[in-house]
Amino acid sequence: MRIGIIGGGVAGLAAAYDLTAQGHYAEVFEVAPFLGGQASTFPVGGGQLERAYHHLFVSDTAITDLIHELGLGDKLAWLESKVGLYHQGRIWDFSTPMDLLRFKPLSLWQRLRVGLWTLRLQRTADYRRFEDVTARDWISRHMGSKAYQVLFEPLLRGKFGDHYDQVSMTWLWGKVRLRVASRGKALQKERLGYPMGSFGEVIDTLAQRIQQQGGHVHTSARVNRVLLSSDNQDQSDESETATGLEVQLKDANPENREYDAVIATTPSYVFTRLVPPMPEEYQKLLTGVNYLSAVLMVLELDRPLTPKYWLNIADQDMPFVAIIEHTNMIDKSLYGGKHIVYISNYPDRNSDLYRMEPEDLLELFIPHLRKLNPAFDRSWVQHYHHHRVDGAQPIISKNYGQRIPPHRTPVNRLYLANTTQIFPEDRGTNYSIRMGRQIAQMVMNDTNPE
Ligand SMILES: Cc1cc2nc3c(=O)[nH]c(=O)nc-3n(C[C@H](O)[C@H](O)[C@H](O)COP(=O)(O)OP(=O)(O)OC[C@H]3O[C@@H](n4cnc5c(N)ncnc54)[C@H](O)[C@@H]3O)c2cc1C
């Protein structure tokens, strides 16, 4: 069987890996000049660094299994994460449940209430009871409005910007369950995983394996459209079937390639441009989801900014929502001794923050970095990098679970596998890999049923 795959992120690559391992021919087309999509890397100080901060949770078994399968298991490190919360001019520790008990901006009763309800959330296995309530309403009702404003609203704003009050409680439930799974025993500190050769090494190894197994992986290769049976005038069959792809490889003219099945891993708003309008119900599911972009400023500093790996910013006057100081978890020697700091935001594509030029954005951030460390000086910044990631975060609103498009599209042999279909967990490399492998299996079952 020949399978065309749109997108060289981890979902597309994982699907191609399993299909080629089973003796099928898979060809991956990635429009960017590099592989990895949202988890891609770029060179910094002699090492490779993710364009957007990346780590793994202990519960991320799909990706850790794959890393071991690729022979990179000994590169996977599990390291203690140092989490903090910036609130009213001070950085508070937030790594263990004890840190919550010491968090003075909330009264002792409020802290206990948060602790008790967090425990209940962790023990609740069925997410469906949270589907028709927003995180704002649920948290305010159970943990109190002060706890919501101080602890949770900044987290929601951090991930969903102005859409923070639409986010379903299911999303927050998923986050709370995940963080606990990464902590092991109740009072232990959280451990996060990182492949020490970077996510880039995992992605490159995956691509090499696909090629060794007989497949092909192309970069700078745009898919213009999915070819359908109705494109072929001789076809009398009424139901549409995917028959191939119109692709454009670097500097070449567009050409048609034939496949027995096609897997698309692009965001839904890209997918709708590659196919004619789908039947109304499916089309509504594709167009009904809204995404936020991510804007990352990556600083290479000559010294540390804060002592934290992950710092949530609970201050709406600050023009960023989180600071991830990568080298407070990963040894700076991997990056030529530079201290790596990500400044993170999830804006709409039409916002000023999204459109700003990198140098203006840096100047905007600098006075606020001094609030986190009064000694900070512009001269500490040796280099900086600016990345925009579109389609970074689908907005998970109430009853989201009922609005997910199925992987099998209304077109025969055309499959969709993108981050909007990851639920109830929050999107992540682990789940895209799990999904890519599931879709590969689905394609094999559909085309060759027992
Ligand atoms: C800021 C940020 C931080 C994150 N942090 C973490 C983390 O700590 N841990 C974690 O596990 N995950 C994290 N993630 C999420 C994780 O990176 C993604 O969930 C995962 O990489 C998505 O993989 P994917 O293959 O499903 O999609 P993508 O990576 O989006 O891949 C889709 C690919 O399709 C390509 N494409 C689009 N149109 C075309 C076309 N016409 N032709 C050819 N190719 C096309 C795109 O260029 C892209 O490479 C983070 C994401 C962001 C944005």
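Here the structure is a predicted model, which means the values were calculated and not measured. Counting convention: from 1, in listed order, for ligands and their atoms alike.
Geometrically, ligand 1 and Ala52 share no nitrogen or oxygen pair separated by less than 3.5 Å.
Just one of Leu416, Thr287, Leu286 meets the side chain to side chain contact (heavy atoms under 4.5 Å, CB included) condition when paired with Met278; it is Leu286.
Using a 4.0 Å cut-off to heavy atoms of Gly7, the atoms of ligand 1 that qualify are 33 (C), 34 (O), 35 (C), 44 (N). Which parts of ligand 1 touch Ala392 is read off a 4.0 Å heavy-atom cut-off, strictly below it: atoms 53 (C). If you number the atoms of ligand 1 from 1 as listed, the ones under 4.0 Å from a heavy atom of Phe29 come out as 43 (C), 44 (N). Interface of Gly428 with ligand 1, defined as ligand atoms under 4.0 Å from a residue heavy atom, comprises 10 (C), 11 (O), 12 (N), 15 (C), 19 (O). Near Val270, the atoms of ligand 1 lying under 4.0 angstrom from a non-hydrogen atom of the residue are 38 (N).
Using a 4.0 Å cut-off between a side-chain N of Lys or Arg and a carboxylate O of Asp or Glu, Arg209 and Glu69 do not qualify as a salt bridge. Taking a cutoff of 4.0 Å between a charged side-chain nitrogen and a carboxylate oxygen, Glu255 and Arg257 qualify as a salt bridge.
The residue among Thr429, Asn430, Ile6 with a heavy atom at the shortest distance from atom 12 (N) of ligand 1 is Thr429. Among Lys159, Met435, His54, the residue whose heavy atom lies closest to atom 16 (C) of ligand 1 is His54. Nearest-residue assignment for atom 28 (P) of ligand 1 (options Glu30, Gln38, His55, Arg427; heavy-atom criterion): Gln38.
Within the structure, the ring-ring contact (aromatic ring centres under 6.0 Å, His included) test picks out the following pairs touching residues 247-283 (sequence neighbours left out): Tyr269-Tyr291.
Counting only heavy atoms of the protein, atom 24 (P) of ligand 1 lies nearest to Ser432 OG, 3.7 Å.
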